[in-house]
Amino acid sequence: PPRSTQGVSSAASDVYKRQMLPFPTKWKTYWESYKSSFRLMFSVRPLVIVLCLAVVAWLAEGLGLWVVLQGLDTHITIEKSVSIYAASTLFGALLMLPGGLVGTEGSMVALLQQLGVNRTIASSATFIIRLCTLWFAVLVGLPAMGFIYFFMKTSTSVKIASTITHESQQKERDSTI
């Protein structure tokens, strides 16, 4: 495993091995799965891929703000619009409200006004870009979440039923021996 995650993973493994925490034995398979997933997820290659995708996504959203601002006849550069979008999103995340609500919008309007955009245009641009980025994703995500919940609910209930049946058959075999 990579050095960066080896310490965390081995520390967690030590907790389990030394029984420092009372782990039920039924959790052992979950614990082993967690450790292997953690090592895989925090290896160098997936982190680099995710970082590249995140940079592309943020650049695309900042570019979207620039397109909206150009449509509203402002003369903000691409660099400034990407910076404003990134800074506003980070500020909204620091407030720990869902979607960075209020903080992202307020900081975006304030930063645009600092660059000389009047309040009406700054508010309109912020409303449009948040509608296209945040609320579009919410509108797509809600039905998808409902579909996944329904699918997982039926799939999980079948899986649980087969596990219970298998366990009861195993107990019957063990008791007859």
Side-chain angles (χ1 to χ4, degrees), residues 2 4-5 8-9 12 27 29-74 76-115 117 119-164:
S4 62
T5 61
V8 173
S9 183
W27 289 0
T29 57
Y30 297 117
W31 182 253
E32 296 301 323
S33 174
Y34 157 77
K35 286 192 328 184
S36 65
S37 298
F38 189 86
R39 281 191 198 107
L40 178 65
M41 185 172 57
F42 286 103
S43 60
V44 174
R45 188 167 187 257
L47 285 177
V48 169
I49 290 170
V50 167
L51 181 64
C52 290
L53 288 173
V55 167
V56 169
W58 277 47
L59 287 174
E61 290 179 334
L63 182 64
L65 177 62
W66 178 77
V67 168
V68 169
L69 289 169
Q70 293 304 306
L72 294 173
D73 200 29
T74 63
I76 304 293
T77 64
I78 293 175
E79 297 85 9
K80 288 181 182 177
S81 65
V82 169
S83 299
I84 287 171
Y85 190 87
S88 298
T89 304
L90 288 173
F91 182 75
L94 288 174
L95 294 180
M96 295 187 198
L97 291 171
L101 290 176
V102 180
T104 301
E105 291 84 1
S107 61
M108 194 176 297
V109 169
L111 289 172
L112 287 170
Q113 284 181 307
Q114 288 292 318
L115 293 176
V117 178
R119 183 183 298 185
T120 306
I121 292 176
S123 299
S124 299
T126 300
F127 176 76
I128 292 168
I129 196 65
R130 291 295 278 176
L131 185 68
C132 293
T133 57
L134 176 68
W135 294 109
F136 176 74
V138 169
L139 288 176
V140 169
L142 284 175
M145 191 172 75
F147 175 77
I148 289 171
Y149 174 76
F150 176 76
F151 178 74
M152 293 299 290
K153 183 178 173 184
T154 57
S155 172
T156 304
S157 61
V158 170
K159 193 182 291 185
I160 290 170
S162 69
T163 303
I164 291 171

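Since we're looking at a predicted model, the values are computed, not measured.
When the salt bridge (Lys or Arg N to Asp or Glu O under 4.0 Å) test is applied to Glu105, the partners found at least two apart in sequence or on another chain are Arg130. Residues satisfying the side chain to side chain contact (heavy atoms under 4.5 Å, CB included) criterion with Leu59, sequence neighbours excluded, are Val55, Val82. Partners of Thr74 under the side chain to side chain contact (heavy atoms under 4.5 Å, CB included) rule, at least two apart in sequence or in another chain, are Leu69, Ile76, Val117, Ile121. Checked against side chain to side chain contact (heavy atoms under 4.5 Å, CB included), Val48 has the following partners two or more places apart in sequence or in another chain: Val44, Cys52.
Residues in residues 89-104 take part in no salt bridge (Lys or Arg N to Asp or Glu O under 4.0 Å) pair, two or more places apart or across chains. Listed by first then second residue, pairs satisfying side-chain hydrogen bond (donor to acceptor under 3.5 Å, both in side chains) with a partner in residues 53-64 read Glu61-Tyr85, not counting sequence neighbours.
Note: Leu95 CG to Thr104 OG1 = 7.5 Å, rounded to the nearest 0.5 Å. Once rounded to the nearest 0.5 Å, the distance linking CZ of Arg119 with CG of Leu112 reads 13.0 Å. Atom CG in Leu72 sits 5.0 Å away from atom CD1 in Ile128 (nearest 0.5 Å). The distance from the OG atom of Ser33 to the CZ atom of Phe38 is 13.5 Å, given to the nearest 0.5 Å. Summarising the geometry, atom CG belonging to Leu94 is positioned 7.5 Å from atom CE belonging to Met96; distances are rounded to the nearest 0.5 Å. Atom CG in Leu40 sits 15.0 Å away from atom NZ in Lys35 (nearest 0.5 Å).
Contact record, Leu65 with Ile129: N-CD1, 3.5 Å, taken as the closest heavy-atom pair. Residues Trp66 and Ser81 share a closest heavy-atom pair of CB-OG, 3.1 Å.
Shown here is Met41, whose CE atom has more than 12 heavy atoms of other residues, nucleotides or ligands within 6.0 Å.
Checking each of Val109, Ile84, Val68 against Thr126 for a side-chain contact (heavy atoms from CB on, under 4.5 Å) leaves exactly one that passes, namely Val109.
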